[in-house]
Each structure stands twice: as structure tokens, then as C-alpha cells.
**Student:** 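If you scroll down you'll find the structure; I have some questions about it.
A, B, ... follow the sequence lines: proteins, then strands. Residue 1 opens every chain. None of the values given here were measured: they were computed from a predicted structure.
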Amino acid sequence: MKLKSYLYIILLLLFTACDRDKEIYIDLPAHTPQLVVECYLEPGQPFRLTVLESASYFASPDPPLVPDAKVFIMFKDQRVELTYKPGVNKLNNKFYTHTSSVLMTGEPGDIYTLEVTDNQGRKVTGTTTILPVVPIDTVEWRFSDDNEKAILITSFQDVASTANYYRYMANPYNLDTSPEQDEIHDDNLNNGKRISLNSSYEFNRNDTVVISLFNIEKQYYDFLNSAYSAKDANGNPFAQPTSIKSSVTGGIGIFTNLALDRKQIKLE
Amino acid sequence: MRFIPACTCWVLILLVLFTAPAYAQTFNVSGYIKDASESGPLVGATVAVHEQNSGTITDAEGFYTLSLPPGKHTLEASYLGYQNTSRTITITNTDKKVNLILDAATNELTEVQVEAFSARQKLNDTRMGVEFLASRDAKLLPALMGEVDLMKVLQLKPGVQSGTEGSSGLFVRGGSADQNLVLLDNALLYNPSHLLGFFSTFNSDAVKSVELYKGGFPAEFGGRLSSVVDVRLQEGNYDEVKVSGGLGLISSRLTVEGPVAKDKASFIFSGRRTYLDVFTRMINKMEADNADFNPIPDYYFYDLNGKLTYKINKRDELSVSSYYGHDSFGFNDEDFRFGFDWGNRIANISWQHKFNSHFYMRTSANTTSYQYNISNKIDSYSLGLSSSIRDVGFKTDFDLLLSKEHSLKFGAMATRHAFSVGRVTYDSDDDTQDYGGGSNYKATEFGTYISDDYQVNALLSFNYGMRFSGFNSSGKTYLALEPRASAKYSLNENLSVKASYASMMQYLHLVSNSGASMPTDIWFPSTKGTKPQRSQQTSAGVNYIFGHGKYLFSNELYYKWMHRQIDFKDGANLFINDNLENEFLFGKGESYGNEIYLEKLKGRTTGWIGYTLSWAYRQFEGINGGRRFPTSFDRRHDLSIVLLHKLNKRLHLTAAFVYGTGNAYSLPVARFAFQDIEGDAATIVPIYADRNSFRLASYHRLDLGAVLKLKPKHGESDLTFSVYNVYNRRNPYFVYFEQVRNSDRDETLGFRAKQVSLFPVVPSVTYNFKF
């Protein structure tokens, strides 16, 4: 026991280093709020969109709503206005500010356009092209030596003729938390091949796992990448700060569609 | 690319040839300056003939040559920490060979002069912007965790910045860390650091001295823009076997040296290894049954240096030196294996031949490589990532003493580079999922040069030269002329003024956007799409000796332009990317500043004060909206105070204080809420302002040290004490913003800024021995 304590002291001496933080005051320059939009079109689902504003970092944490924002989604010869009616989608707990009863019925290749304006003269526009679903071929799992933990291997066929981008999620159903596995991939190294995505041993025996494979647009991939990098740079001294690559112009945010294949399995 | 007309080169060469007068009535006096106890040559020792106002310093082999008229002269040789030796010689009508041996005190500490150049040498040398450091002096200064690091001592010199806390990286006159030409016994070292840059790869027992050129680069050096770090390894003892070493807080060192054939051939082998992993493994073992315990990953590094020297005859000497360094980080359990290894390897063979006392040659062939490997295995799937650079090089240099006035240097080098960039493999044991990627490049780099050291008279001297360099890769060839010139004028015997100009090319680029020295940083060649980097630097300065030779004052001003600088697009994928060049951005840079240096050279208390006022900027079309921004190591004020006091024969006390303007830093100015696909996962995304538009708090720190000589029955030993960051200053390492949460009600109350510091007060003790 004495030796153990001694070793801990040595380690502590060497690594106390890493936990020395203190609160400081920083005077940030004034920030002009920009419109922030977030909208994912899903087949068969009504149009729903969130319009908020960016805020100075140390401003009040309350979400800055923009009730006067006018939102239109255009496709083919239709122009649908989404009305300001904040609510929560009970299916996924997602908050929205604007909605319409019109359902998304687009086919792969169809183009949808977004237009958001407000009384301050700000205008945000964006475009998305509906993508086809890439089906999940198989989901396999293997248990660890003690039979308690499992890895998942999800496979699907990449399309050779196009550059593809994927988002892959695996949610343990009985945990009701954010996805255990959430990754984005491009097909640069395996274009046209059968792609397998593995987890580590992070799922428990008897978990029910929902596996989602999204075929995503490059603009969504770039937006996610930049948002992850920007978040990573806040707190990682080795990361380079990144500006957000929005898919919309005139503001910040993402307007895209979700082409999703989903499977549910029970690990037994 | 802009070329200086080729005729300029020829004019220079012709100038040298035609201005070289016929041999006047002078004769050469040459020889070696050696250490009495180790018989090794002393690099940078001064040989002076005061009545002739003439002098020189020994070269990398400890060799000197002086031209003197017939008559009686007194040669005086001096070197830091050694007793001066003088010899009176009479020159009649022939050249003369005079070897001088300097005695180093063994059982007591010598007076310390960290400068190996004598003050007078620094005053009279045409070169400028040069710092010299001997390993034995660096060992006296306090060090982080007791690990003596020559790079960190160089950071105490004006014009040299350290980057971040504890880092051994050098940022010289506004240049970035990859713009340093780091040479280990003539061979290039690609990654000169261990453990994220906290320690340099140089074992202080194996290294004899380091010379750092900040500007006014001699024509023999090329390939990097901002500095030359010329590291020389120790030679083995020619008389007897000696063992030395040390036990420190995080590592131990052992060096064995001795004769292979007495006075003819010697060897030296030196090794160093950290042992934190020994403790972490013991802890892991003790906690093996504790389900809540997360095993601590293994980390260690070691390096090995070796050198064999063989004096074939009076004219020829052969030496073989090598370096092998390895860092390893690993984690193993039943289901998951992770390994991360990196390191440099160098082998160098060098032949020196003396044609006669006016003309000699050094030729070397070497191989050098740097690589990293990451391996990751889960169940039956494995992922491998690696990058490497491997060089085979050849270099030859000639020194020709044409006359008392003209001393020529010329030579050539060629290197074949092989790059493997971003090599990735993904395999499954059943071969159902095997794929990989990565790029291979080959390139050839060469350089040839000529320069003349022209001593116009006792007051005025010039050094001017031209380097012609080239690079070929992927069918694209770049050629460039790199003119170099410096001049010195002595206003009186204690005051000289100097000026210099140097143009430098850099054909290899470091792919790194981390701002720290990461093992995954990899080098990339100039190609058709990636042009070589280029810099031009001018500097001017004054040197002044006063107080009966006790003090040296110098002040240098510099301005540096950097062209075709490389940075990376926002969010660039530099890790696994077959089209890495698509992520590059090209821009320019400039830096300027003033370096003031005051050194006390003699007495029981010695030391120096260095102050730098400087600016360093970069500008890229794709960054910061095309506006100029300061580099993160742009430091307006940088102050170092180093004191060494000899209390008595056995005890030396040292102190080092540093102050620097806070690093330029990027911070978010705004944020937005991002819900993502799942509403539960809403997060805050920061919006960054202009690059490096904030300043961290200023950096300051005091280190204290003491060296106590012990009295063992055999040999020598000492205890070296260091206290790093004595007053426990919480220097900023980085700043981040965080949410203030009320976890009970799961709500965000606000946001605040936090500053993270790295090293608190760190005491350490090291036991060193030699027998």
C-alpha cells in the first residue's frame, strides 16, 4: 500500500499539470447577430424549420427567437410558406419555430429551395437536392470474450458513379441518450466498394440498437465537419479554429434532406 | 520564380579570383585545439594573436588556420570553462603546425561563460546572428523536470521564441518551427522533439555543442528559411574508458566512451530512456482487480547516439555517427489494442582529408528518416496509419585558404527524398474488408555554393557567397540562386558594426496545423502545384565590449520577407487524404525586430540579459478574409535574464527569468445553438473571429538551479537541483469557453472563459556521475 501511495504521488506531481484552469475575464468585440437556420427535409414528413439568431458568446443563454422571420420552401412550381408556430416534434424531441402541414414528397433528384427573410432586411437562401436511400445490407455483431459486450458491423454498398457521403448512427434503444456511435464518412478510399463500419465493444448484451444510415449531401457533410472542428477547437490547444461552412447563404446553418435507411436489432 | 541573373554569380566568383592577391609574405599556422582530459577537439575555441590583431575560431573538427607574417608571435587559445593557453612561435619561411591543449578543471567548477565565442571573437567575426552553446554549460542551468535541453537554453537567446509552455520548438525571427534546418553531425533531423515537443531529441550527454544561425546564413547552409541549428555530437575519449550518466526524475542516461586504438580511434555510445511507464505498469497491475479502474496507457521514449572516430593518419580522419530515437504510446487489453510509435533514425559517415595546410575537405554520406505508425485493432479488424520520409544524402565541403585576406569555402550536396504520406490500411482477418490509401513521392534536392571570407584589412571584412539550389519532384524542377553577404567594420578595438543579407529557399513543407510539434506532422515536397518557400532577410547590428572585457553588448535589427508560405484551409483533412495539396493555401509573411543582448562574461557572477522587440505576420487569401494576421508566436516583448553565480568551488547557483507578451490566439466571439437531427443532442457551436486576434495573458516564469559537486571516492559526481516556475505562475496554455450549467434542473445559466495552465512549480533533482 505504501508503494502504491508513493507511485500515485509521483504521477500526481507529473500530471497535476493538466488540471490547472481558472476563470478569466475576456472583453469580446461587439457581434452583429446573424440568422441561423436548421432544416432537414424528410420523406413523408411535414416541413419544419428552426430560425434563431447567433449571439455574442457571453450573452444570455436563452435562444434568440426571430418571430418576424418569413419562411418559404419552393419546389417544382410550388411556394409553401411555413408559419411561425414554435413547438417540439415528439418523435425526436426536436424544437422547431416554423412549420407547415405540407408533406415532403420529393423523389431523388428533385430540388428544394429555402428562403428566409425578416424585418431587418436579412435574407437567407439555400438549396437541397433529394438523395436516394442507400440500403443497409447487413448488421452483424460479435460478443467479447466475457460475453457481455458486443461490437457492431454494419455493411452497405457504395455507389461507384457518384461521390457519396454518409452519416451513420447506432442508438442503444434502452438507454434513451444520444447515439453511442455517430460518424460521418466520405467514400474517397472505398468508392464503389462494399463499406463496413465497425464499433468498438460499446454495446451491452440484450441492448436493442437502432441503426441509421443517412446518405447525405456534400454540403451537409461539410457543415457537420466544420461544426465539429469549431467545437473541437474550443478547448483543444492543438486544433486550428475553423469557420462554419454553411449550406445557406446570407446567414448560418443547414438546409438539406435526409435519405435514411434504418434497422433495429436486439443483441442476443 | 525570380532569378538573380546568373552573371551575378560569375561576377562574385571572378571577384574572388581576381582580387585574391598573390601570396604575400605570410605563412600559415594551423593545428588542432584539444581538450587535455578527453583529447577531443574543441569546436569554436578562439585562437588569437593579439599583436597582429588577428584571430580565428576552430571549426567543427577543432581545426584552425591563421596567416601570419614571419617573426615572433604569441598564440593564445581560449575556450569556455578552460584555462587559456598561450605559445610563442617563430615563423621563418615555412608554414607551421601548432596543436594546443587546453586544461579543463576537473574537481571544481570553472567560471562559466555560456558563450563559447570569446567576446572579442564575436566582435571581430564577420558572421552575425549566431548563438553558440556548449552542452557542459547548458547543464548548469535549471531545467524542467531536470531534463537538460539545449533547445530550451537557446530559447533564452534574443530572437528565439519558444512557442508554448514547456515546448522545445524554436521560432526564430518570426519563422515557424518547420523553417529550422536541424543538423546532427551534418545529417538532417526531421522531428527534433519527443512527447509533443516537451523535450528535444538531443541527449545533453551525447551532444557537444549547438550553433544557431538566426540570420546572415553562410552559403554552405540551405533548405530552410529561418534558422540553422548545427548540433555536434561528442567524440569518444582517445585515452581511457569513461562511463558517465545521470538519474533524473523522468529519465536516466548512460554514456560509455573510450579508445578503440589509443590516440587513433575512439568510440562513444550514449543512451537515455524515460521510465514513467515502469510506474504506470505497476499501478495497472496493482489495480487489475479493480473494476472501476481505467488502466493508464504506456508511454516512453528513448534515444541512442553513437559515434566512432578513426584518425587514419595526419591527413585523414573518418567518423561514423548515428542516432536512433523512438517514442511509444500504447494501450492493450483483451479486446482492444492501440499503438502509436514515432521516431527519427540517422546514420552518417564522414571523411576529412587535408590536402595541405591551406586546403582541406569534408565529405559525408548519410541516411535519415522520420516516420510514425498508428495501429488500432479491435476484435478481428485493424486500422493502420503511417507516414514517413526517408533521405539518402551526400555532401562535400572544401576550405581553401587562398591568402591572408581570402578564405574560400565551396561545396555541393545532393539528397534523394522518398515520402510516404497519409498511408492508411484497413483490414479484417477474414479479408472481407481490405482497403487502403496514401501517396508516395520521390524527390531530388541539390545545392552547390561558393563563398569568400575577405579580410580587407584589420578593420574591414566581408563574407559573400552564392548558393545555387534545385529540387525535382513529379517531373517539375525548381532552380534558384540564393545570394548571401555579410560585412563587418571595426570602429575601434572594442566596437564593430555589421550588416548582412541572406536569401533562402525551402523545398520541403511541414503538413501541420496544430501549432505544436505533433508526431503526426509530416513533410511534403514541392511539386507542380506547391512551389518552394523563399525568404530574404537583412540585418544590421553593433557589438561593443566594455568594462575591461567583462561585458559584451550587442544590438541587431532584422527584417525578413517570406514568400509562398503554406497554411491550410479551414477544417482541412491532413490526416487521411490522397489529395493533400487541395488543402493547401499559399500566402506571404514578414517579420521584423530588434534584439538587444548584454552579457557579463567574467567574474564569479556571469550571465546575460536578452530583450527582443518583434513583429511576425502572415497573409493568405483564404484565411481571415485575406487580411494580414499575427502568427501565434508573434511576441512584441521578449525578455530573458540568466544569472550564474559560483558560490564556492563546489556550489554553483543559477537563475533564469523569462517574460514574454502573451501568444496571439483565436477565440470565438459568438455562438449558435445547433440541434442536429436529434433534438436531444443540441450543442453550442462557436463562431470564430479573425485569426489570432486575441492575446493570452503575458508569460513569465522564474527558474532556480544549483549544482553541487560531490566528492566521491572515484571519479566525479554532482547533484543538480532545479525548481521550475518558482513562484507558481499560472501561465496561460490555452483558453476555452464553457457553459455554466445547473445540472439539477438541466439548464444553461450562462457562459464563461477558462484559462488552462500547464506546469505549476516543479522541483527536481538529478544525480550525475562520471568515472
**Student:** Could you tell me which portion of A:S243 (side chain, backbone, both or neither) has an atom closer than 4.5 angstrom to a non-hydrogen atom of chain B?
**Tutor:** both
**Student:** Under the side chain to side chain contact (heavy atoms under 4.5 Å, CB included) criterion, do A:K22 and B:V756 qualify, and how do the steps go?
**Tutor:** CA-CA 7 Å; A:K22 66 171 183 183; B:V756 178; over 6 Å; no
**Student:** So which part of A:N234 gets closer than 4.5 Å to some heavy atom of chain B, the side chain, the backbone, both or neither?
**Tutor:** both
**Student:** May I ask you to test the A:I244-B:F674 pair for a side-chain heavy-atom distance under 4.5 Å?
**Tutor:** no
**Student:** Counting the benzene-type ring for Trp, do B:F751 and A:F58 have ring centres under 6.0 Å apart?
**Tutor:** no
**Student:** Please flag which part of A:I24 lies under 4.5 Å from any non-hydrogen atom of chain B: side chain, backbone, both or neither.
**Tutor:** both
**Student:** Tell me, for A:P241 versus chain B, whether the close heavy atoms (under 4.5 Å) come from the side chain, the backbone, both or neither.
**Tutor:** both
**Student:** Inspect the surroundings of NZ in B:K754 and state if more than 12 heavy atoms from other residues, nucleotides or ligands are less than 6.0 Å away.
**Tutor:** yes
**Student:** Is the gap between the ring centers of B:Y688 and A:Y57 under 6.0 Å?
**Tutor:** no
**Student:** Would you check if A:P33 and B:F672 make a side-chain contact, meaning some heavy-atom pair closer than 4.5 Å?
**Tutor:** no
**Student:** So for A:S229, is it side chain, backbone, both, or neither that comes closer than 4.5 Å to the heavy atoms of chain B?
**Tutor:** side chain
**Student:** Working to the nearest 0.5 Å, report the span between CG of A:D62 and OG1 of B:T748.
**Tutor:** 9.5 Å
**Student:** Heavy-atom cut-off 4.5 Å, strictly under: side chain, backbone, both or neither for A:F214 against chain B?
**Tutor:** side chain
**Student:** With a 4.5 Å cut-off on side-chain heavy atoms, are B:V685 and A:F223 touching?
**Tutor:** no
**Student:** Which heavy atom of B:D676 sits nearest a heavy atom of A:Y220, and at what distance?
**Tutor:** OD1-OH, 3.6 Å
**Student:** With a 4.5 angstrom heavy-atom cut-off, could you sort out which part of B:I684 is near chain A: side chain, backbone, both or neither?
**Tutor:** both
**Student:** Could you give the distance from CG (A:D21) to CD (B:Q755), rounded to the nearest 0.5 Å?
**Tutor:** 9.5 Å
**Student:** Looking at every heavy atom in both A:M169 and B:I677, which two are closest together, and how far apart are they?
**Tutor:** CE-CD1, 4.3 Å
**Student:** Counting only non-hydrogen atoms closer than 4.5 Å, does A:S212 touch chain B with its backbone (N, CA, C, O), its side chain (CB onward), both, or neither?
**Tutor:** neither
**Student:** Where is the tightest heavy-atom contact between B:G750 and A:P61, given as atom of each residue plus distance?
**Tutor:** N-CG, 4.0 Å
**Student:** Go through the atoms of B:Y736 and report whether side chain, backbone, both or neither lie under 4.5 Å from a heavy atom of chain A.
**Tutor:** both
**Student:** Measuring from B:Y665:OH to A:I26:CD1, what's the distance to the nearest 0.5 Å?
**Tutor:** 9.0 Å
**Student:** So, do B:R671 and A:S54 sit near enough that their side-chain heavy atoms are less than 4.5 Å apart?
**Tutor:** no
**Student:** Side chain, backbone, both or neither: which part of A:E23 has an atom under 4.5 Å from a heavy atom of chain B?
**Tutor:** both
**Student:** So how far is it from A:E38 CD to B:Q675 CD, rounded to the nearest 0.5 Å?
**Tutor:** 5.5 Å
**Student:** Need one label for A:A59: side chain, backbone, both or neither, based on atoms under 4.5 Å from any heavy atom in chain B.
**Tutor:** both
